[in-house]
Amino acid sequence: MKLAWHRRTIVGFAVLGPIALLLALVLLIQPAGDSLPQAQVPMATGTPALDPTAYDHLEVFQALADEHGDRAAGTTGYEAAAQYVEQQLASAGYQSNRQYFRFEDRGEDYETFNIIAETDRGSDENVIMLGAHLDGVRNSPAINDNASGVAALLEAAEALSQQDEINNKVRFAWWGAEEFPEPLGSEHYVDDLAENDSGELGNIAAYLNFDMVASPNYVIAVYNARASDPWLDVPDGSRQIMDFFTDYFDSRDQPWVTTVWDFDSDQEAFIEADIAVGGLFTGGAERKSEREARLFDGAAGESRDPNYHTSGDDISNVDREALSIMTDAITHTAISLAQDGSALE
């Protein structure tokens, strides 16, 4: 279903199925070492043209970083990454929309956008929303933060597109301009709905956030809705989301821990709109405890991601096991809640 954006929202459509086929043909006939024309989205060597995995997506984002340097908001790298996301969504049968917005940083004006896609089936009055930010910090490939969340979300969207039973609409978001003092893309999205279509905002039953899900010294962490930060008023329904994730991990004998959730990522705007929120996280600059090292291996006393917000956040900075665990959890969540949202009641 095409989203109906409002007058102050600019919408772009990505109908890139033919481009994906053309890229595959180019890769087959192109001599080794030659680069694709600048207007096309480069595909990482060895990446399958069909049915890529989350790690395959990360290899593409690394290739884009090698070409553009980063994918910070408002850059050519961000545009190239967005085109790749749109291409993958089109291949899975989604129609994606761009929601443009402007922002100012250090006296300079920028334009960037969110990418939104949703199932064309399911109740419009019980929308499950999943999001990950697409932008990264400047001068970094930004693979764990947050190509990992982007890739896992693409995998979930592709898997959901193959399901016959969808009772609740699922909406996916790849946010722009999260790497600022405020997560600007998700904030713009929620503010726009609050101003122009409060009914549609009220139809969002839950928002699930996935930011950094492949940290090299990882933990498997669930946003803690039971004992969160004292200044954070956790919306009703958030505990059910937490329980949904922990029950899933328990059913697979997968150890997990909780993590505090503050105002550092895209859940903030949804919390302020009193929408139930949850999410998964494998760690940033905080240090791994002795208990966490016993549960997940790795190095106690060391950062969960020693390359957080640095140029070292490249393809070598991800743990493939963590990425697989989290991608499976996100995919399971998207499919399960699309079919039956009663677990969040």
Side-chain angles (χ1 to χ4, degrees), residues 53-55 57-58 128 130-132 143-156 159 206-229 232 234 237-262 264-267 276-308 313 315-337 340 343-344:
T53 67
Y55 189 80
H57 293 313
L58 296 189
I128 308 299
L130 296 84
I143 299 300
N144 185 39
D145 185 17
N146 183 39
S148 63
V150 169
L153 210 57
L154 282 174
E155 281 293 282
Y207 172 72
L208 312 180
N209 195 59
F210 307 107
D211 188 357
M212 302 179 66
V213 294
S215 305
N217 193 25
Y218 74 89
V219 298
I220 301 300
V222 180
Y223 289 2
N224 190 351
R226 298 187 183 281
S228 193
D229 300 318
L232 183 65
V234 178
S238 300
R239 289 190 178 185
Q240 286 86 337
I241 298 172
M242 176 185 173
D243 290 342
F244 183 89
F245 283 129
T246 58
D247 288 348
Y248 167 81
F249 289 132
D250 287 344
S251 72
R252 286 153 178 78
D253 296 322
Q254 171 60 57
W256 54 270
V257 295
T258 58
T259 184
V260 295
W261 45 326
D262 51 24
D264 282 345
S265 196
D266 290 297
Q267 70 271 13
V277 173
L280 302 177
F281 180 61
T282 57
E286 62 283 331
R287 297 189 182 278
K288 195 172 201 174
S289 70
E290 293 283 353
R291 176 176 178 269
E292 290 167 349
R294 289 193 298 271
L295 287 174
F296 308 108
D297 295 328
E302 301 295 329
S303 297
R304 296 172 180 172
D305 183 354
N307 295 301
Y308 174 67
D313 186 10
I315 193 71
S316 67
N317 190 51
V318 301
D319 186 286
R320 297 183 69 162
E321 182 177 12
L323 179 65
S324 177
I325 292 168
M326 290 306 209
T327 300
D328 287 349
I330 294 166
T331 300
H332 167 79
T333 299
I335 293 173
S336 297
L337 297 183
D340 181 10
L344 303 185

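Here, residue 1 is the first one in the sequence, and each next residue gets the next number.
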Nearest heavy atoms of [X] and [Y], plus distance in Å:
| X | Y | value |
| --- | --- | --- |
| A151 | L58 | CB-CD2, 3.8 Å |
| G237 | A276 | C-CB, 3.6 Å |
| G298 | A293 | O-CB, 4.0 Å |

Does the pair T258 and M242 meet the rule for a side chain to side chain contact (heavy atoms under 4.5 Å, CB included), with working shown? CA-CA 9 Å; T258 58; M242 176 185 173; 3.6 Å; yes
Do [X] side-chain atoms and [Y] backbone N/O form a donor-acceptor pair below 3.5 Å?
| X | Y | answer |
| --- | --- | --- |
| N217 | S303 | yes |
| T331 | D328 | no |
| T327 | A152 | no |
| T282 | A214 | yes |
| N209 | G279 | no |

Looking at [atom1] of [X] and [atom2] of [Y], how far apart are the two atoms once the value is rounded to the nearest 0.5 Å?
| X | Y | atom1 | atom2 | result |
| --- | --- | --- | --- | --- |
| M212 | I143 | CE | CD1 | 12.0 Å |
| L130 | I330 | CG | CD1 | 8.0 Å |
| I220 | F245 | CD1 | CZ | 12.0 Å |
| L280 | I241 | CG | CD1 | 11.0 Å |
| Y207 | D266 | OH | CG | 4.5 Å |
| Q254 | T246 | CD | OG1 | 12.5 Å |

Checking V213 against F281 for the side chain to side chain contact (heavy atoms under 4.5 Å, CB included) test, could you report, in this order, the C-alpha distance in whole Å, the side-chain angles of both residues, the deciding distance, and whether it holds? CA-CA 5 Å; V213 294; F281 180 61; over 6 Å; no
Indicate yes or no: at least one non-hydrogen side-chain atom of S215 is less than 4.5 angstrom from one of D319.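 The answer is no; the side chains never approach within 4.5 Å.
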For a 4.5 angstrom cut-off between non-hydrogen side-chain atoms, does N224 reach V260?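 The answer is no, as the side chains (C-beta and beyond) never meet within the 4.5 Å cut-off.
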Between T333 and Y248, does the side chain to side chain contact (heavy atoms under 4.5 Å, CB included) criterion hold? Intermediate values first, please. CA-CA 9 Å; T333 299; Y248 167 81; over 6 Å; no
Are there more than 12 heavy atoms of other residues, nucleotides or ligands under 6.0 Å from atom CZ of R291?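 No - once you tally the heavy atoms of other residues, nucleotides and ligands closer than 6.0 Å, there are 12 at most.
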Applying the side-chain hydrogen bond (donor to acceptor under 3.5 Å, both in side chains) criterion to N307, which one of N317, D313, N144 satisfies it?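 The side-chain hydrogen bond (donor to acceptor under 3.5 Å, both in side chains) with N307 is passed solely by N317 among N317, D313, N144.
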What verdict does the ring-ring contact (aromatic ring centres under 6.0 Å, His included) test give for F244 and H332, after you've listed the backbone C-alpha separation in whole Å, the side-chain angles of each residue and the deciding distance to 0.1 Å? CA-CA 10 Å; F244 183 89; H332 167 79; 5.7 Å; yes
Between N146 and F210, is the side chain to side chain contact (heavy atoms under 4.5 Å, CB included) condition met? List the steps. CA-CA 9 Å; N146 183 39; F210 307 107; 5.9 Å; no
Show me the pairs that pass salt bridge (charged side-chain N to carboxylate O under 4.0 Å, His left out) and involve residues 279-288, at least two apart or across chains.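 Qualifying pairs: E286-R304.
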If the plane angle is over 60° it's perpendicular, under 30° parallel, otherwise tilted; pick one for Y218 and F296.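 Tilted: the ring planes of Y218 and F296 meet at 30° to 60°.
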